[in-house]
Amino acid sequence: MYDLIGVGVGPFNLSLAALLDEQEEVDTLFFEQTPKFDWHPGMLIEGTKMQVPFLADLVTMANPKSHYSFLNYISEHDRMYQFYFLQRLDIPRREYNDYCQWVAEQLESCRFGKRVTNVRHIEDHDSHFEVEVLDLETEEKKTYYSRHLILGTGTSPTMPGSAQDLPSNDVFHTSQFLEHQERCREAKSITVVGSGQSAAETFRELLKEQRDCGFRLDWITRSPGFASMEESKLNLEHFSPDYVNYFYSLPQDKKDEIFATQGLYYKGISNHTITDIYNLLYEYSVGHEEPDVGLQVLSELNDIKPNENGGYTLECRQWQSGDRFTHESDVVIMATGYRPNVPEFIHDLGSYLQWDEEGRYKVEADYRLETSESTSNEIYVHSGISHTHGVGSTNLGLAVHRNKVIINHLMGKNVYSLPKKSIFQSFQVR
Ligand SMILES: Cc1cc2nc3c(=O)[nH]c(=O)nc-3n(C[C@H](O)[C@H](O)[C@H](O)COP(=O)(O)OP(=O)(O)OC[C@H]3O[C@@H](n4cnc5c(N)ncnc54)[C@H](O)[C@@H]3O)c2cc1C
């Protein structure tokens, strides 16, 4: 009987596993379906960097002295001086992944190549969860027992319906970009659809290669512009424990209304990425050359179909003027975002859990799913909670804070003190 079983090992559960590794009285296991830790591998483009400082590693915000801190990773890899002269807080994304892999390899509690396929709640004198786990290599199923669960199942890529059944080597999501980079190099034309950070990073990478490879490059988005993320320091305070507490205290209809206005806090494009793209376009246009590139805003993709030229025809509509147009491309890359991954087996727990009117999790302030009866077995949750805990829920900078709250509840004591006030501005009237 374990105290806690984790489903999924992305950064959020990896952070929890690393912090709980220091707590001898708690027995834990974390199952991840992929063969090893890999953080959005299709988007580990060389030159991309983290959108949070390295201090938002897996442990530092809870315990800067932890063996699993990023600075210790740097030290253990004998890179202190290089990192010191680098003078950057925003480390390369590839390095963050390498750091997380270094942590994951040391944690006995993290098991890879294992998919959680079912969960049952057993109500008896020693009530617990039964967790069914499939070993993806041996195809063997095993059952594990735990008093509590934590869901760290992350997100799944979303693709428009019309794009889903097309050949995946030609029409794919940004989450698979690096897998298909060779295909892109051979294409005569490429179109990126969408205008968030992933779209911009993919477009920038293609733009760098465009003149050598010779393809036509287009970028189409429904948004009114290629909007930049709200990155001012005072605005970043929305990614703080204080704002989480304030947001959580509001009624659900208010939260939905506010969250809908906060897209640019997390969905826009980083300023430095837009600058890189603009600089490249400017360089390419020196000497009155017209770059073979198109940037089309205000235009929604309505349908995409294979055409007789071996490519694809995109049917689009400029939604302000109402003008319809078609656009042809050999390769189409969908930068159409992600949605919370709520595992099917959680739905199968039926009336044990409470769901809101929109079919979303109901979540307590300390990240426990609300249950219909009082129970001694908790399901904690990291993913799919933006509607309850706000815009910072998917942000790496708040993961350690959330894990501190979860550990305090799990262990029934104040293992970590929580900040009373961590920012300069006030959201609540004092
Ligand atoms: C390209 C990209 C870059 C990002 N960059 C940043 C950034 O710089 N800063 C920032 O703050 N945020 C960033 N984010 C947002 C966010 O922090 C990340 O998405 C982060 O990975 C979320 O961590 P997670 O642990 O919830 O989920 P994930 O990393 O999505 O991991 C979930 C894991 O659960 C596993 N899983 C799911 N179901 C099961 C099951 N049944 N059994 C076993 N395993 C299962 C999956 O295989 C997956 O590995 C980025 C997001 C993307 C897509």
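Ligands are counted one by one from 1 in listed order, and the atoms in each one are counted from 1 as well.
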As an exercise, identify every atom of ligand 1 less than 4.0 angstrom from a heavy atom of [X].
{"X": "Phe31", "result": "43 (C), 44 (N)"}
{"X": "Gly152", "result": "32 (C), 33 (C), 34 (O)"}
{"X": "Asn395", "result": "11 (O)"}
{"X": "Tyr338", "result": "53 (C)"}
{"X": "Met50", "result": "8 (O)"}

I'd like the name of whichever of [options] reaches closest to [atom] through any heavy atom.
{"atom": "atom 21 (O) of ligand 1", "options": "Trp39, Phe345, Phe177", "answer": "Trp39"}
{"atom": "atom 51 (C) of ligand 1", "options": "Gln33, His40, Met43", "answer": "His40"}
{"atom": "atom 40 (C) of ligand 1", "options": "Val7, Asn118, Val131, Thr155", "answer": "Val7"}

Can you pull out the closest protein heavy atom to [atom]? Residue, atom name and distance to 0.1 Å, please.
{"atom": "atom 33 (C) of ligand 1", "value": "Glu32 OE1, 3.4 Å"}
{"atom": "atom 23 (O) of ligand 1", "value": "Pro11 CD, 3.4 Å"}
{"atom": "atom 27 (O) of ligand 1", "value": "Gly154 CA, 3.3 Å"}
{"atom": "atom 38 (N) of ligand 1", "value": "Thr153 CG2, 3.6 Å"}
{"atom": "atom 25 (O) of ligand 1", "value": "Phe12 N, 3.1 Å"}
{"atom": "atom 31 (O) of ligand 1", "value": "Gly10 CA, 3.3 Å"}
{"atom": "atom 9 (N) of ligand 1", "value": "Leu396 CD1, 3.7 Å"}

Heavy-atom pairs closer than 4.0 Å: do any link ligand 1 to the side chain of [X], the backbone, both, or neither?
{"X": "Thr394", "result": "backbone"}
{"X": "Lys114", "result": "backbone"}
{"X": "Asn341", "result": "side chain"}

Checking the N or O distance criterion of under 3.5 Å, is ligand 1 in contact with [X]?
{"X": "Gln51", "value": "yes"}
{"X": "Val116", "value": "yes"}
{"X": "Thr34", "value": "no"}

* To do: Answer yes or no for His382: is there a heavy-atom contact with ligand 1 below 4.0 Å?
  => no
* For Gln51 and Glu231, test the side chains for any donor-to-acceptor distance below 3.5 angstrom and give the result as yes or no. => no
* Asked: Can Asp348 and Asn118 be counted as having a side-chain donor-acceptor contact under 3.5 angstrom?
  -> no
* Asked: Out of curiosity, Arg120 CZ to Glu130 CD, how far, rounded to the nearest 0.5 Å?
  -> 4.5 Å
* **Shortest non-hydrogen separation from Leu280 to Arg204 and the atoms involved** => CD1-O, 4.2 Å
* Asp170 versus Arg183: any side-chain heavy-atom pair under 4.5 Å? -> yes
* **Presence of salt bridge, Arg79 and Glu95, under 4.0 angstrom** => yes
* Are Asp218 and Arg216 ion-paired here, with the side-chain N under 4.0 Å from a carboxylate O? -> yes
* Structure fact -> Applying side-chain contact (heavy atoms from CB on, under 4.5 Å) to Thr138 and not counting sequence neighbours gives Asp135, Glu140
* **Near-ring test Phe54/Phe83, centroid separation under 6.0 angstrom** => yes
* To do: Applying salt bridge (Lys or Arg N to Asp or Glu O under 4.0 Å), name anything that partners Asp366, two or more places apart in sequence or on another chain.
  => Arg368
* Carefully, step by step, assess Phe30 and Leu107 under the rule side-chain contact (heavy atoms from CB on, under 4.5 Å). => CA-CA 10 Å; Phe30 291 82; Leu107 291 172; over 6 Å; no
* Can you tell me if Gln33 uses its side chain to pair, donor with acceptor, with the backbone of Val116 under 3.5 Å? -> no
* What class does the angle between the rings of Trp102 and Tyr68 fall in, given that below 30° is parallel, 30 to 60° is tilted and above 60° is perpendicular? -> perpendicular
